[in-house]
Every structure is written in structure tokens, then in C-alpha cells.
Amino acid sequence: MRPRLISCIIPVFNGERYLGEALKSVLAQTYQPVEIVVVDDGSTDGTAEVVERYSEQVSYLRQSNQGSATAKNLGLSATQGEFIAFLDADDLWHPEKLARQMARLRERPDIDLCFTRFQHFWMPELAEEAKRYQGHPLSQPLSAYLVSSLLVRRTVFETFGQFDNGLRGNENMIWYLRAAERGAFIEVVPDVLTYRRLHGKNITREQLRKGEFLDGVFFPILKAWRDYQRQRLDG
Amino acid sequence: MLNLHDCLRPNGKEVAAKVMDGEAILINLSNGVYYSMDKVGGFVWELIEGGCSIEQMIVAITVRYDVSREQAQADVERLTAELREGDLVAVQTNGLTPAKNHQPQVQSRLPYEAPTLNIYRDMGDLLALDPPMPGLAEMNWKEPDDESSR
């Protein structure tokens with residue numbers, strides 16, 4: 001039986017520094033076929049030039065800066081795969097990530113959203129922070145909902161809707177919670193197959209510096225969480 | 001007991017709050033306990049943010065909702081006591097005589113439900129699924145002591 005196509009969607013804004021490594025980790029996947037699309041959210045750095053180096057295997061789409069949610073939705077409309085995987089431009093995959101998730105989805109076709117455990121890793125400019133977090137739960141493998149670890153059937157978007165266009169930084173969690181509220185079955189594969197890079201330019205850090213995080217990012221997540229809990233408890 | 005001319009203010013030092021779709025969500029940043037009030041409660045929170053006195057709140061509620069003054073007053077007094085107990089608001093003693101309230105004509109008043117302050121201690125469950133980025137000082141709250149409410 002022919003392996004089913006996975007579309008890997010990589011939204012990026014000014015990601016020239018680490019995008020090449022992210023792409024290499026997708027190209028190194030033991031599972032094939034994978035179509036790869038980078039959706040450039042209006043970058044002003046050398047992001048396009050990085051993608052150009054991989055132009056034989058990676059497609060490139062560009063939009064004016066509208067946020068990661070819109071970029072992901074554009075990626076959805078431009079791809080063909082029966083399965084969708086997302087990767088943030090500064091994160092990495094283990095070479096067997098897609099293969100092990102596909103095996104799990106074959107075992108359990110009722111799983112709608114499949115995540116993997118992930119591991120934080122710190123860049124040298126954050127060495128002091130990394131030291132402070134030694135032994136802390138956030139430096140250990142985490143069974144959390146991270147978009148870079150997500151593998152999902154395309155039909156899930158038809159059933160539960162797409163990301164809210166225009167949201168920046170919270171569209172992922174809000175989408176998971178709304179899907180869960182509507183009955184989506186979510187599982188986290190226990191192997192650490194995704195690596196989340198911590199560096200000075202993480203978008204969340206930028207939002208914090210500007211005082212935007214709590215009001216603009218976290219409160220809508222908390223509301224979506226309450227809506228999900230209400231549905232779960234009230235039926 | 002609060003005087004009718006007293007005003008309440010959100011406790012800006014430790015509490016973050018936002019009203020979304022008429023629901024007020026408040027977070028005590030020191031311990032991660034959070035609260036919600038919707039419908040009449042969400043409206044009351046907006047009045048508190050607007051610096052209304054207790055009397056002005058009662059009047060505003062009776063104008064907007066189909067409820068007697070007595071019921072509105074009792075519920076406002078109960079709710080504000082709960083908000084004070086949770087350190088979510090601070091009292092600003094006014095002492096001034098309020099201006100006569102002009103009641104605008106309204107077409108019809110909305111159905112009334114007694115406002116409720118809901119308390120939640122499951123922030124840890126949410127953060128387990130959506131862990132804060134290491135180094136996020138803004139979310140440096142400790143886990144609530146009381147785990148029994150989960």
C-alpha cells in the first residue's frame with residue numbers, strides 16, 4: 001500500500017537564523033512522502049534566501065505580515081496531504097517523528113490530534129537561564145500540546161474549523177481547546193520526538209517585553225479553557 | 001458593610017482582568033487562582049472598572065435588567081463582599097453625595113440572573129498542556145495550595 005502523503009507546513013517570520021536546521025530535520029525524516037511548504041509571513045530578513053537553498057524539495061509561499069494563524073491556514077489551502085504536520089521555524093524534529101506518529105495513527109484511527117512529548121533546549125545566549133532551569137520540570141520532557149509536534153488528519157480541519165485568522169501566539173491552544181470542546185480526541189505519543197528551541201527572539205519573549213502577553217495572548221486561552229471545561233462538565 | 005457611595009476599584013497590584021464576550025475573567029497573579037463572572041456578573045465588573053459607586057451599580061443593574069432594586073442591592077452587596085474576600089477589589093471610600101440618577105428610557109429590560117463569582121484552581125492543568133515558556137516572569141505564580149478543588 002502506498003504511504004499516505006504528509007504535508008509539513010512551516011509558518012515563519014524573520015526566521016533566517018534557525019530555519020535551515022528546521023528544514024534539514026524535516027528532510028531527514030524516515031517517513032516519506034512528505035511535501036514541505038514554508039509560509040513566509042512577510043519576513044524582512046533572509047528567510048526567502050534560506051528556503052531558496054532547498055527549493056527542489058521545499059515550496060515557498062509568501063503573504064504580507066498577518067500572523068502565524070493566517071500563515072498556517074494559507075498552508076492548508078496550498079497543500080494536498082491527507083495528513084498535516086506543523087513545525088515552527090526555530091524547532092526541530094527527531095528523524096523518526098513522523099514515522100512513529102503515523103504508526104500510532106494506524107493503530108488508533110480514532111485519534112484526531114496526535115502530539116509527541118517534547119524537550120526544551122536553550123541557545124548559548126540564554127545559558128544563564130538554562131542553568132537556572134536545571135532540574136526544573138520545564139527542562140524535562142513535557143507531555144504538552146506543542147504545535148511543532150502536531151500531526152493531524154486534514155479532515156480534522158473540516159470538522160473542527162481552521163485557526164482563527166489574525167491571532168498571534170494563541171491561535172494554536174485556542175484551536176486545540178475548541179476542537180476538544182467539540183469532541184476531538186487528542187493523544188500525546190510518549191517519545192520525545194520534537195525539540196523546542198529557546199532563544200532571545202522567541203515571539204513570546206517579544207510579547208512579554210511589550211506587555212502584550214497576558215492581555216493579548218493568555219486571557220483568550222484561559223477563556224477557551226473555561227469554555228472547554230464547561231462543555232466537559234455540563235455535557 | 002460598604003456605604004452606598006463607596007466605590008470599588010480592581011486590585012491592580014495582584015489581579016489581572018479582562019472581559020471577553022460579556023464574561024469577566026480575573027487572575028490572582030500571586031497564586032494562579034482565577035475567577036469568572038458572566039452575564040450580570042460581567043456587567044458588574046465593567047461597572048467596577050468604570051469606577052461606579054455601589055449605588056450607581058444598583059441603579060445601572062435595575063435599568064438594564066428586569067429586577068427589583070431590593071434584589072439588585074442584595075446581590076451587589078453579596079458579590080462585592082466575595083470580591084473583597086478574594087482580594088480582587090479595593091474599596092475607595094467616597095463620602096460624596098451622588099448626583100440624582102437620571103433613568104434613561106429603555107425598550108425592555110433583560111432577564112435577570114443573580115451574579116455568581118466562580119472560583120477555579122485548575123490553572124495547573126492548563127499550564128500542563130500549555131506550559132509557560134521558561135523565563136516568563138509574568139507567569140511566575142506558585143501552584144495553589146489547595147488541590148482539592150480540582
Side-chain angles (χ1 to χ4, degrees), chain A residues 115 118 120-122 126 128-134 136-147 169-170 172-174 176-177 180 186 188 196-200 202-209 211-230 232-233, chain B residues 10-39 41-42 45-46 49 88 113 115-144 147 149-150:
Chain A
F115 294 95
F118 70 93
H120 282 124
F121 69 106
W122 278 261
L126 296 179
E128 254 195 52
E129 183 182 286
K131 204 166 161 189
R132 269 189 285 127
Y133 275 85
Q134 263 173 21
H136 188 282
L138 288 176
S139 69
Q140 307 302 310
L142 293 166
S143 286
Y145 296 171
L146 184 72
V147 71
N170 56 8
N172 300 319
M173 197 63 196
I174 287 173
Y176 314 144
L177 290 171
I186 304 177
V188 182
R196 187 194 202 188
R197 189 189 307 264
L198 300 171
H199 57 93
N202 288 125
I203 287 177
T204 311
R205 291 180 203 271
E206 298 282 315
Q207 288 165 328
L208 256 192
R209 274 196 278 272
E212 293 168 359
F213 179 75
L214 210 52
D215 210 58
V217 177
F218 189 69
F219 266 110
I221 290 176
L222 193 50
K223 169 116 173 67
W225 170 253
R226 284 298 349 130
D227 291 341
Y228 163 58
Q229 292 297 324
R230 254 191 296 267
R232 206 171 62 83
L233 297 168
Chain B
N11 175 2
K13 275 191 228 157
E14 288 189 339
V15 174
K18 191 171 173 76
V19 179
M20 292 169 284
D21 298 333
E23 179 178 15
I25 298 187
L26 291 60
I27 307 173
N28 185 325
L29 296 171
S30 68
N31 60 16
V33 178
Y34 67 101
Y35 308 77
S36 78
M37 300 187 287
D38 66 351
K39 299 179 190 146
W45 184 258
E46 285 179 321
E49 283 184 331
L88 302 171
E113 280 178 38
T116 318
L117 179 67
N118 303 299
I119 305 174
Y120 304 103
R121 301 175 198 275
D122 64 351
M123 182 69 82
D125 293 343
L126 171 59
L127 296 182
L129 297 180
D130 188 20
M133 176 159 290
L136 246 67
E138 215 169 315
M139 292 177 62
N140 193 22
W141 54 57
K142 53 185 192 297
E143 287 295 297
E147 302 291 317
S149 312
R150 290 206 190 166

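Quick note on labels: first sequence line is chain A, next is B, and so on, each numbered from 1.
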Give, as side chain, backbone, both or neither, the part of A:Arg132 having an atom under 4.5 angstrom from any heavy atom of chain B. neither
Structural part of A:Asn172 lying under 4.5 Å from a heavy atom of chain B: neither
Take A:Gln229 and B:Tyr120, measure what side-chain contact (heavy atoms from CB on, under 4.5 Å) needs, and give me the verdict at the end. CA-CA 11 Å; A:Gln229 292 297 324; B:Tyr120 304 103; over 6 Å; no
Hey, could you give me the CD1/CE distance between A:Ile203 and B:Met133, rounded to the nearest 0.5 Å? 9.0 Å
CG/B:Leu127 to CG/A:Leu138 distance, rounded to the nearest 0.5 angstrom? 9.5 Å
Which heavy atom in B:Ala17 sits nearest to a heavy atom in A:Asp215, and how many Å separate them? O-OD1, 4.4 Å
Do you know the tightest heavy-atom contact between A:Ala144 and B:Ala128? CB-O, 3.3 Å
If you define the side chain from C-beta out and look only at heavy atoms, does anything of A:Tyr176 sit under 4.5 Å from B:Asp130? no
Min side-chain heavy-atom separation B:Pro132-A:Phe213 under 4.5 Å: no
Does any non-hydrogen side-chain atom of A:His120 lie less than 4.5 Å from one of B:Pro134? yes
Just wondering, do A:Lys223 and B:Asp21 contact through their side chains at under 4.5 Å, heavy atoms? yes
Side chain proximity check, B:Tyr34 to A:Trp225, heavy atoms < 4.5 angstrom: yes
Working to the nearest 0.5 angstrom, can you tell me the gap between B:Glu23 CD and A:Asp227 CG? 6.5 Å
Once you round to the nearest 0.5 Å, how far does CZ of A:Arg230 lie from CG of B:Asn118? 8.0 Å
Measure distances from A:Ser139 to the heavy atoms of chain B and classify the residue's part below 4.5 Å as side chain, backbone, both or neither. neither
Considering non-hydrogen atoms only, spot the tightest contact between B:Met123 and A:Phe218 and give its length. SD-CZ, 3.6 Å
For the residue pair A:Met173 and B:Leu126, establish whether any side-chain heavy-atom pair is separated by less than 4.5 Å. yes
Over 12 non-hydrogen atoms of neighbours within 6.0 angstrom of CD in A:Glu206: yes
